Amino acid sequence: MAAVVSTTKTFRVAVVGVGLVGGEFIKQLLAFPSPSPFRLVSLSSSKTTLYHPDGLSVSASSWKDELAVSVQKPDLQVLLRELSALVKPGQEVVVVDSTSSNDVAAFYPQFLKFGVNVITPNKKAFSAELPLYEQILSASLESGARFLNEATVGAGLPIISTLKDLVATGDKVLKIEGVFSGTMSYIFNEFSTGKEGGPSFSSVVSVAREKGYTEPHPADDLNGADVARKLTILSRFIPALRSALPNGYQSVSTKSLVPAELEGIASGDEFIRRLPGFDPRFDAMRAEAAREGKVLRFAGVVDVQAGVIKADLEKYPVTHPFATALGGSDNIIMFHTERYGARPLVVQGAGAGAAVTAMGVLSDLLKLV
């Protein structure tokens, strides 16, 4: 059954970034059951933009063509002016940033200051240096406009909302640990099963790239930065750790799996060609784990009590959920808290993909209703 929303408010929605996730979000928004409180007022790609204050007359099949032939060029300052003019009692305005752009992320404080809510799967603003995050917080407090970023960690999985609820209801978070990267999840589910031997590390990475699980340049996944960004985002929702990472994800203790000799290689193809030369190194780590009855998993840990935030290649017993419960590119996150002491609260499922990421964005939009 489709969602039924009862509200007297209307929501003017602008979407910046119309790639895989942005396009899927537009599809889900336009399919929202009538009467919908949402009006799509703006679409922006990197080249063109569409805007109408009362809502665009577009459909799921027409918006791409209409955006492509628009003569209007995207300009964040102009968009800010247009959207802030729409803010009034009974009418909420929302900008959805579906880019991975630092430039758009840097605009969040201004959008919020003028009463425009920000919803995004873009990790950049929330995992950058602390001053930008603090500007976002203060602008939100000042205007009452909200920023929501569920889809920055685990796509559509309820990870951030779960953490927020734990903190808001007075539970004490002791530790969060998980497999946060769909790419790393797939690679090590295939590579390390608890047995000695198996496919080479380079062949697994190559297949992951062919299946679209990795970035075009696999080093962008193997360097651990994606996991470090997600740990930064989560840690900042925990009061004791909000200021623990002054330089954002760069302050996280992160183990890169990119061999030192391959750092700085500009081409993804060249990286894949040379990676087999380092297979013996990964084979030895797998064999050592197997002899101990363990598997290798690239995990993220936020240990509140110890003050440790790290992304590293860890060994887990073959009976551990990180060894037994994961398939494909799943994410799994465990919340150890005072209330969930004996057995952690576990969230698991697909942590990547346009449809589930867009669902996470739309679920944030529904939180404003």
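The first residue in the sequence is number 1, and the count goes up from there. Computed from a prediction, not measured in an experiment: that's the story for all the values here.
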Check the hydrophobic clustering (I, L, V, M, F, W, Y; side-chain heavy atoms under 4.5 Å; chains of links allowed) and say if [X] and [Y] are grouped together.
X	Y	answer
L43	V95	no
I233	I119	no
V15	V93	no
L112	L79	yes
F298	V205	yes

Rounded to the nearest 0.5 Å, what separation is found between the [atom1] atom of [X] and the [atom2] atom of [Y]?
X	Y	atom1	atom2	answer
D303	K310	CG	NZ	8.5 Å
K211	S206	NZ	OG	11.5 Å
F107	L80	CZ	CG	6.0 Å
E177	I332	CD	CD1	9.5 Å
K172	Q305	NZ	CD	6.5 Å
S185	F180	OG	CZ	12.0 Å

Measure from the side-chain N and O atoms of [X] to the backbone N and O of [Y], and report whether any donor-acceptor pair falls under 3.5 Å.
X	Y	result
S127	K123	yes
N122	S101	yes
T183	Y213	yes
T99	G17	no
S363	G360	yes
Q91	L86	yes
Q28	A355	yes
T120	D97	yes
N223	A225	yes
K315	K294	no

Check: [Y] and [X] side chains under 4.5 Å, non-hydrogen atoms:
X	Y	result
L29	L365	yes
V87	F114	no
V301	V308	no
L257	M184	yes
L163	I159	no
R12	D54	yes
E24	T357	no
V96	F25	yes

Given side chain to side chain contact (heavy atoms under 4.5 Å, CB included), test I333 with V153 step by step and report yes or no. CA-CA 10 Å; I333 289 85; V153 181; 5.6 Å; no

One thing to verify: whether [Y] and [X] come together as a salt bridge, which I'm taking to mean a side-chain N less than 4.0 angstrom from a carboxylate O.
X	Y	result
R229	D226	no
R281	E261	yes
R286	D279	no
E134	R242	yes

Show your working on salt bridge (Lys or Arg N to Asp or Glu O under 4.0 Å) between R273 and E270 and close with a plain yes or no. CA-CA 5 Å; R273 190 180 67 77; E270 173 74 0; 3.0 Å; yes

Considering all heavy atoms, the nearest [X]-[Y] contact:
X	Y	answer
P218	I272	CG-CD1, 3.8 Å
V318	G194	CG1-CA, 3.9 Å
K73	T49	O-CG2, 3.6 Å
L368	K9	O-NZ, 3.8 Å
V41	A14	CG2-N, 4.3 Å
G182	N331	N-ND2, 3.4 Å

Apply the test side chain to side chain contact (heavy atoms under 4.5 Å, CB included) to residues Y108 and F147: give CA-CA distance (whole Å), side-chain angles for both, the deciding distance (0.1 Å), then the verdict. CA-CA 8 Å; Y108 295 173; F147 66 90; over 6 Å; no

I'd like to know whether [atom1] of [X] has more than 12 heavy-atom contacts from other residues, nucleotides or ligands below 6.0 angstrom.
X	atom1	value
K367	NZ	yes
K113	NZ	no
Y340	OH	no
K195	NZ	no

When you measure from the centre of the six-membered ring of F188, is the NZ or CZ of R297 under 6.0 Å away and within 45° of the axis? no

Quick check with a 6.0 Å cut-off and a 45 degree axis cone: is R236 positioned over the face of F126's six-membered ring? no

Between Y133 and T232, is any side-chain donor less than 3.5 angstrom from a side-chain acceptor?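 Result is no, nothing qualifies.
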
Steps toward side chain to side chain contact (heavy atoms under 4.5 Å, CB included) verdict (Y186, T214): CA-CA 10 Å; Y186 174 83; T214 76; over 6 Å; no

Over 60° means perpendicular and under 30° means parallel, so classify the ring planes of F322 and H320, tilted if in between.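 Because their plane-to-plane angle is over 60°, the rings of H320 and F322 count as perpendicular.
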
Side chain to side chain contact (heavy atoms under 4.5 Å, CB included) assessment of S59 paired with L30: CA-CA 7 Å; S59 67; L30 291 174; 5.6 Å; no

Indicate, with yes or no, if the rings of F32 and F38 have centres closer together than 6.0 Å.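 Between F38 and F32, which both carry aromatic rings, the centre distance is below 6.0 Å.
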
